[in-house]
There are 4 protein chains.
Amino acid sequence: MNPEPNKKFIDISEKKRDKILQTAVAEFAQYGYDSANINTIAEKAGISVGSIYKYFHSKQDLYLTAAGFTVEKLKAVLNEIISSKTDFLSTVERIIRAIQLYSRDNIYLTKLYNEMTTENKSELVWRIVSDMEGITANLYASYIREAQENEGARKDVDPRCFAFFIDNLFIVLQFSYCCEYYKERLKMFIDDNIMANDDLLAGQLIKFIRGALYLK
Amino acid sequence: MNPEPNKKFIDISEKKRDKILQTAVAEFAQYGYDSANINTIAEKAGISVGSIYKYFHSKQDLYLTAAGFTVEKLKAVLNEIISSKTDFLSTVERIIRAIQLYSRDNIYLTKLYNEMTTENKSELVWRIVSDMEGITANLYASYIREAQENEGARKDVDPRCFAFFIDNLFIVLQFSYCCEYYKERLKMFIDDNIMANDDLLAGQLIKFIRGALYLK
Amino acid sequence: MNPEPNKKFIDISEKKRDKILQTAVAEFAQYGYDSANINTIAEKAGISVGSIYKYFHSKQDLYLTAAGFTVEKLKAVLNEIISSKTDFLSTVERIIRAIQLYSRDNIYLTKLYNEMTTENKSELVWRIVSDMEGITANLYASYIREAQENEGARKDVDPRCFAFFIDNLFIVLQFSYCCEYYKERLKMFIDDNIMANDDLLAGQLIKFIRGALYLK
Amino acid sequence: MNPEPNKKFIDISEKKRDKILQTAVAEFAQYGYDSANINTIAEKAGISVGSIYKYFHSKQDLYLTAAGFTVEKLKAVLNEIISSKTDFLSTVERIIRAIQLYSRDNIYLTKLYNEMTTENKSELVWRIVSDMEGITANLYASYIREAQENEGARKDVDPRCFAFFIDNLFIVLQFSYCCEYYKERLKMFIDDNIMANDDLLAGQLIKFIRGALYLK
DNA sequence: CATGAATGAGGATTCATTCAT
DNA sequence: TATGAATGAATCCTCATTCAT
């Protein structure tokens, strides 16, 4: 992706690397790209600014690395779910549950993912995220195709479109557990206690997707 | 909303006011709050920085006014649709079509709406958007309730949850026509020409929602 | 003093003129030359900025006019006292009493006088104040000379030096009733209630000056 | 005095620190708080603006530090004089001589001290100066009390009031050697050559104070 | 003549980046 | 290699002054 990707950075201890990235993710997630402060990140990560600039070419480079880190984590979660193949609806349920658990445990990663989808730098960010989205897109579409063939899913739908809609539902669900705007919106649509009632939302969403996909 | 809302600003000619707001919307949408440059906005709007600060207390005030302007425009579109009441699915179809037309005609407004949902300033922004989201939430939920009673919609679903899911689908659809990240994502999920095939996406989305909502 | 001194300004009604000058004096006294705001002064004086610039060439011109106004007021008080000629000590007592009454009734005039003695613009200000100081200097000195001849004052003192010292005592006394710094200093030197005990300070100061000047 | 007093600043070399403070003192003294320019101070001090803001939180912080520096210098001079205790009049004479020498050698420090007594920021400045003024106040008063007991000074005077008057004379004397306004005033009261005749002024002032304080 | 909207130069402050130690 | 002090360009905001109405 970058011509000379952070040789120095991959040489340091994993612990240190993780500390740096987690700090960067948190700062970028909380303050956005521009307001995040490299000197603050260095201080919070317990290293010097000089070192930051040994490991990364620029602020943008650090941002993109943090973005990549975020995507890797999301990918890992997704991989774990899809590794054990079952029917589509079970997978959907497991994804929803994973989003509910994971988003809350990794608020900053999700916040940063939200921030990444914003205009600024989106071209660079897309390069990093595209492969994950690609995997997801293909996976969901093929799941749907299979469901059409073997599980009685409707045959008159475009699997890619439906995959898109379903992923859209997942994305906004993710944001709704972490990002202030979407949290407020969720509470307004349903009620103030919805954040404490994962089962309701999960159950209804499964019902929604199942209804959309299956005939009966 | 603001204690002393821009007395000077509402006194100037509508043409000038619109020029300023559209410039601000475009700059904030393209560059984000921090990177947007007040001096540039002034220059592009054809006025002096001094005037900007006569009309607005601060950069944040200008941003929030631009955000409010954006929301008003979105509200106006929504209002036009919901004013002529028919059955829910017809309304859904009209909303989808409106999103497709409007988003492309008003790229920056949609981009800015996306940017507004990002962490930074989200509390302030929420105050501006909340009433529109509130209207939407109640409207969709009551539509669904009515559909349950009169149009044969499933009775085992929570109208508020389903309203939430449907609005989620609308939001991401909006972003998908304007925001670079979401545009790429849409192309990846479906195909590179999907932006030129509104009917397919609209048709499929209606099918998706109808399936989710109705029994047969 | 100024080549073309405010033709327009002397034509307007005295009431308006006074309002403008008093507002200017108050603003310059409170905030200092730089921080005082012409637009604010105009607003508080109930006229437009445009008019201010009809009456005065510049901020500096307004400042100097306000300074001159201040000096005129001080001069008037002094004149009233010295017009009824008695012995020096009676005059000293009357001056002290006048300072105590006048300073508190005209806080801003005294504050501004203090501000005027500061470095910035002091050359221009001096031109305005010099004649008053000159009158004072000569008056005190001649009083002292007369006292040396007729009232038994010490003959081994330089009347001009002693006039200077006595005026110094008056100046700091003036500031001590109006300017925050000097007010605190006065309280620290004597006690917190000294501002409410004019007689003590007046009595002691007269004693101080009489002792300095007279043999017995 | 300040919650977190300039950690970074006290770590740099004394030479550099002094250069910065002397530059700041000179600029603030000449132009006043508002007109003094941080960028100019940085340039004249031979450092970058960035560094100024590493050492000081704000312009105000730099100003107050410069004010504190000024007071420390004044205190040091005073301390040296009062350390060798003799009778009051000898001390008075030494103080007057010190003022004459010191003020001219440290014009900017005295100018700044004058500027500090002006309204703007006076509350903050007072915190810095108050302890010095307190020391002076008590010292002079106790000197006078002792002189009343042992040296034949008048017993019918309030030591604190007289201490105040004497310090007033010292303050204006200080200003008269440095600040343009007071320099002009001094020349007007006495004569144009008075600045070159320290002995006359010193001698007369001692005579003035002695006369005020002692019976004979 | 009076008005006050408009101007834009100027200045405090921030922070990504560099480089001497 | 790691540090963190130093840099200075960049930007928000203010306000004296102008001038069209």
Side-chain angles (χ1 to χ4, degrees), chain A residues 8 11-12 16 31 33-43 46-63, chain B residues 7-9 11-13 16 33-43 46-62, chain C residues 8 11-12 16 31 33-43 46-63, chain D residues 7-9 11-13 16 31 33-43 46-63:
Chain A
K8 305 282 169 56
D11 281 353
I12 63 177
K16 205 169 174 183
Y31 303 110
Y33 178 79
D34 285 293
S35 288
N37 184 320
I38 291 285
N39 292 271
T40 304
I41 291 172
E43 198 180 350
I47 58 167
S48 68
V49 240
S51 293
I52 291 262
Y53 278 85
K54 281 280 186 301
Y55 305 148
F56 308 97
H57 299 317
S58 62
K59 185 184 194 178
Q60 178 174 289
D61 187 22
L62 172 59
Y63 180 76
Chain B
K7 278 199 297 280
K8 299 278 169 59
F9 185 56
D11 280 352
I12 63 178
S13 76
K16 204 169 176 181
Y33 178 79
D34 287 293
S35 287
N37 183 320
I38 290 283
N39 293 274
T40 303
I41 291 172
E43 200 179 347
I47 59 169
S48 68
V49 233
S51 292
I52 292 264
Y53 281 88
K54 276 277 188 306
Y55 305 148
F56 308 98
H57 299 316
S58 61
K59 186 183 190 179
Q60 177 174 291
D61 187 23
L62 172 58
Chain C
K8 307 280 169 57
D11 280 352
I12 63 177
K16 205 168 171 182
Y31 303 111
Y33 179 79
D34 285 293
S35 288
N37 184 320
I38 290 285
N39 291 272
T40 303
I41 290 172
E43 197 181 351
I47 58 167
S48 68
V49 238
S51 293
I52 291 263
Y53 278 86
K54 281 280 186 301
Y55 305 148
F56 307 98
H57 299 317
S58 61
K59 185 183 194 179
Q60 178 174 291
D61 187 22
L62 172 59
Y63 180 75
Chain D
K7 279 200 296 280
K8 298 281 170 58
F9 185 55
D11 280 353
I12 63 177
S13 75
K16 204 168 175 182
Y31 302 109
Y33 178 79
D34 286 294
S35 287
N37 183 321
I38 290 283
N39 293 273
T40 304
I41 291 172
E43 200 178 349
I47 58 169
S48 69
V49 235
S51 292
I52 291 265
Y53 280 87
K54 276 279 188 305
Y55 305 148
F56 308 98
H57 298 318
S58 61
K59 185 182 192 180
Q60 177 175 292
D61 187 23
L62 172 59
Y63 180 77

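Here the structure is a predicted model, which is why all the values come from computation and not from measurement. By convention in this document, chain letters (A, B, ...) are assigned in the order of the sequence lines, proteins followed by strands, and residues within each chain are numbered from 1.
For the pair D/K16 NZ and F/dT7 C1', the interatomic distance rounds to 11 Å; values are reported in whole Å. In this structure, CD of D/E43 is placed 12 Å from P of F/dA9, rounded to the nearest angstrom.
Looking at residues two or more places apart in sequence or on another chain, you find a side-chain hydrogen bond (donor to acceptor under 3.5 Å, both in side chains) between C/D34 and D/S35. D/S48 is linked by a side-chain hydrogen bond (donor to acceptor under 3.5 Å, both in side chains) to D/S51, counting only residues two or more places apart in sequence or in another chain. Residues satisfying the side chain to side chain contact (heavy atoms under 4.5 Å, CB included) test with D/E43, not counting sequence neighbours, are none.
In secondary-structure terms, DNA chain F builds stems of at least 3 consecutive Watson-Crick or G-U pairs, each pair having both distances under 3.5 Å, at E:2-21 with F:2-21.
Both C/G46 and B/G46 lie near DNA chain E, and the one whose nearest nucleotide falls closer to the 5' end is C/G46. In this structure, C/I47 and B/I52 both approach DNA chain E, and ranking their closest nucleotides by distance from the 5' end singles out C/I47.
Counting non-hydrogen atoms under 4.0 angstrom, B/F56 reaches nothing in the nucleic acid.
Scanning both residues, D/N39 and D/N37, for their nearest heavy atoms gives N-OD1, 2.7 Å. Annotation for D/A42 and D/I52: closest pair CB-CG1, 3.8 Å, computed over non-hydrogen atoms. D/F56 approaches D/D61 most closely through the heavy-atom pair CA-OD2, 3.4 Å.
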Which atom pairs link the protein and nucleotides 11-15 of chain F when you take only N or O atoms and keep those under 3.5 Å?
from, atom 1, to, atom 2, distance (Å)
F/dC12, OP1, B/A36, O, 3.2
F/dC12, OP1, B/K59, NZ, 3.2
F/dC12, OP2, B/N37, OD1, 3.4
F/dC12, OP2, B/I38, N, 3.4
F/dC12, OP2, B/N39, ND2, 3.4
F/dC13, OP2, B/Y53, OH, 2.3
F/dC13, OP2, B/K59, N, 2.9
F/dC13, O5', B/Y53, OH, 3.3

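Heavy-atom contacts of chain D under 4.0 Å fall on DNA chain E between two terminal nucleotides, which in 5' to 3' order are E/dG11 to E/dC15.
No donor-acceptor distance shorter than 3.5 angstrom exists from the side chain of A/K16 to the backbone of A/G46, with no hydrogens or angles considered. A donor-acceptor pair under 3.5 Å is formed between the side chain of A/K59 and the backbone N or O of A/A36.
Residue A/S48 places no side-chain N or O under 4.0 Å from the OP1 or OP2 atom of F/dG4.
With contacts defined as side-chain heavy-atom distances shorter than 4.5 Å, the pair B/I47/B/Y55 qualifies. Within the 4.5 Å cutoff, the side chain of D/Y33 has heavy atoms near those of the D/Q60 side chain. Counting heavy atoms from C-beta outward, B/F9 and B/K54 have side chains that stay 4.5 Å or more apart.
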